[in-house]
Amino acid sequence: MKTKLRPGVRALDRFMKSTPGMSVARMTNEQLLRAQTTVIPERGPASLFLGRLQKEVDVRTTTFTARHGELSLRIYTPQSWARAARPVVLNIHGGGFVLGSARQCDWSCSLVAKELDAIVVSVDYRLAPTHRYPAALLDCFDALLWVAEHAPDLGGDPGRIGLMGDSAGGNLAAVVAIAARDEAGPAIGHQALIYPVTDMTEALMQDASYVDNTDRGIVLSNDDMEVFHAFYVNEHDDPTDYRLSPILTPDLSGLPPAVVVVAGLDPLHDSGVRYAQALADAGNEVTVEDFHVMPHGFLSFPYFSVSARPAMDAIVASQRAALY
């Protein structure tokens, strides 16, 4: 039986399907370059689409030196006075490793900053296909090292660091958490994985949520996923490597508490649930928040998605339990 879409999701679906520039599979090379280089304005219609910055939160941009050069950071700080150092959350935006920027996460990042009373740092990592795997992963790990080193300068506690990422950013957050464990990196206290990419092997195509998406394609089509994969992964890369498919990590034990947010109308739904189960089977603390009538990316469109705020409330509650 065909799922009846909520009014906001139906409107979003119609808009995105009528706009070729909203689908990477339908973009021309010129449209892709424009999408990657256009700076989202701080005010105006973009905020109505992506959500507004929360009141009582200051935001500023800065840069840091990663191993390859300079990267931009967007930092969200509560305006309220704090008696002690705050937790710090490193956010990694989505966009299939090809699109997106820290700016698109203003609503969710500022909400975490305000409701969790935390410093949130969002990183603009290098994008494919100009910068293929592992460029984004290296950038995000370097951003984690910067956060740990500079947390006191931000009013943050380097002993209470969380990770948060959506879609491709969820993949990067999951892999960074594993790498931090294995490479004696900074201690991670929590990971929020929002409709994460967890499996880049052909097994993904066997998931019922992927098969069911063939004719649906709300926000994210199967064709889009194939293009994102082709842009990010080189032919010689092994998709079974945990740095691409964290669900295939040989040992998932000893990882930080996690909340995994999934969406029922998302082709990545089942692989997200599979990863959560794998984390739990390895002895980790995991909560799954399943929003059955939402599509992929629904947190990026809070005014179209009735479940966006409940999902963020669940994320903040999980972060609070782990970081306080």
Side-chain angles (χ1 to χ4, degrees), residues 12 22 35-36 38-64 71-78 87-116 118-127 136 139-140 143-144 146-147 154 156 161-174 176 190-197 219-220 259 261 263 294-305 307-316 318-319:
L12 180 65
M22 290 292 178
Q36 290 185 325
T38 298
V39 177
I40 301 173
E42 298 290 338
R43 294 178 177 83
S47 294
L48 296 177
F49 195 63
L50 298 172
R52 295 185 178 91
L53 188 73
Q54 296 290 299
K55 295 179 180 179
E56 301 175 11
V57 174
D58 291 328
V59 60
R60 66 182 178 91
T61 57
T62 188
T63 61
F64 81 103
L71 287 176
S72 176
L73 298 171
R74 196 165 174 87
I75 301 174
Y76 305 80
T77 306
V88 186
V89 176
L90 174 63
N91 178 69
I92 307 173
H93 70 78
F97 310 99
V98 175
L99 302 171
S101 68
R103 164 68 179 88
Q104 75 186 33
C105 300
D106 270 6
W107 180 76
S108 57
C109 285
S110 63
L111 196 150
V112 169
K114 180 179 179 180
E115 300 296 332
L116 183 63
I119 309 297
V120 180
V121 179
S122 195
V123 58
D124 274 316
Y125 54 87
R126 289 172 292 170
L127 299 175
D139 291 349
C140 293
L144 172 63
W146 185 91
V147 164
L154 304 174
I161 296 176
L163 294 168
M164 180 170 70
D166 64 291
S167 193
N171 170 281
L172 294 167
V176 165
H190 184 266
Q191 53 181 331
L193 309 178
I194 305 166
Y195 26 81
V197 177
V219 178
L220 180 66
V259 58
V261 175
M294 288 291 107
H296 184 83
F298 72 94
L299 279 170
S300 295
F301 313 105
Y303 302 141
F304 291 85
S305 306
S307 297
R309 184 57 194 253
M312 285 307 307
D313 289 343
I315 290 169
V316 170
S318 180
Q319 290 171 323

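Just so you know, these numbers use all the heavy atoms, side chains as well, and skip hydrogens, waters and symmetry mates. Computed from a predicted structure; not experimentally measured.
For Trp146, the side chain to side chain donor-acceptor pair (under 3.5 Å) partners are His150, not counting sequence neighbours. Residues meeting the side chain to side chain contact (heavy atoms under 4.5 Å, CB included) test with Phe49, sequence neighbours left out: Leu12, Phe15, Met22, Phe301, Phe304. Under the side chain to side chain contact (heavy atoms under 4.5 Å, CB included) criterion, Ser110 pairs with Leu53, Gln54, Val57, Tyr76, sequence neighbours left out. With sequence neighbours left out, the side chain to side chain donor-acceptor pair (under 3.5 Å) criterion links Ser167 to His296. The side chain to side chain donor-acceptor pair (under 3.5 Å) check on Ser318 picks up His190, with sequence neighbours excluded. Scored by the side chain to side chain donor-acceptor pair (under 3.5 Å) test, Ser305 finds no partners at all (sequence neighbours excluded). When the side chain to side chain contact (heavy atoms under 4.5 Å, CB included) test is applied to Pro78, the partners found at least two apart in sequence or on another chain are Ser80, Arg86, Ala113, Asp117, Ile119. In this structure, the salt bridge (charged side-chain N to carboxylate O under 4.0 Å, His left out) partners of Asp313, at least two apart in sequence or on a different chain, are Arg309. Listed by chain and residue number, Arg74 satisfy the side chain to side chain contact (heavy atoms under 4.5 Å, CB included) test with Thr61 (two or more places apart in sequence, or in another chain).
Contact check for Asp106 versus Leu50: no side-chain heavy atoms found under the 4.5 Å cut-off.
With hydrogens and angles ignored, the 3.5 Å screen pairs no side-chain donor or acceptor of Glu115 with any backbone N or O of Val112. Within the 3.5 Å criterion, the main-chain N or O of Val98 finds a donor-acceptor partner in the side chain of Gln36. Side chain of Asp139 to main chain of Arg126: a donor-acceptor pair is present (N/O by atom type, distance under 3.5 Å, no hydrogens or angles). A distance-only check finds a donor-acceptor pair linking the side chain of Asp124 to the backbone of Ala102 [under 3.5 Å].
To the nearest 0.5 Å, atom NE2 of residue His93 and atom CD of residue Gln104 are 6.0 Å apart. In this structure, Asp166 CG and Ile315 CD1 are separated by 9.0 Å, a value rounded to the nearest 0.5 Å. Rounding to the nearest 0.5 angstrom, the gap separating the CE atom in Met164 from the OG atom in Ser108 is 5.0 Å. Taken to the nearest 0.5 Å, the CD atom of Gln191 stands 14.0 Å off from the CD1 atom of Ile161. The line from SG of Cys105 to CG of Leu299 is 10.0 Å long, rounded to the nearest 0.5 Å. Within the model, atoms CD of Glu42 and CZ of Arg103 stand 5.0 Å from one another, a figure rounded to the nearest 0.5 Å.
Shown here for Val197 and Ala168, the closest heavy-atom pair between the two residues is CG2-N, 4.0 Å. The two atoms that bring Pro302 and Ala308 nearest to each other are CA-CB, 3.7 Å, heavy atoms only.
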Take Leu99 and Leu127, measure what side chain to side chain contact (heavy atoms under 4.5 Å, CB included) needs, and give me the verdict at the end.
CA-CA 7 Å; Leu99 302 171; Leu127 299 175; 5.9 Å; no

Given Val261 and Leu193, is the side chain to side chain contact (heavy atoms under 4.5 Å, CB included) satisfied, shown in steps?
CA-CA 6 Å; Val261 175; Leu193 309 178; over 6 Å; no

If you apply the rule side chain to side chain contact (heavy atoms under 4.5 Å, CB included), what do you find for Asn91 with Val121, and how did you get there?
CA-CA 6 Å; Asn91 178 69; Val121 179; over 6 Å; no

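Aromatic ring centres of Tyr125 and Phe97: separated by at least 6.0 Å.
Each of Leu73, Val120, Leu172, Leu163 was checked for a side chain to side chain contact (heavy atoms under 4.5 Å, CB included) with Leu90, and the lone residue meeting it is Leu163.
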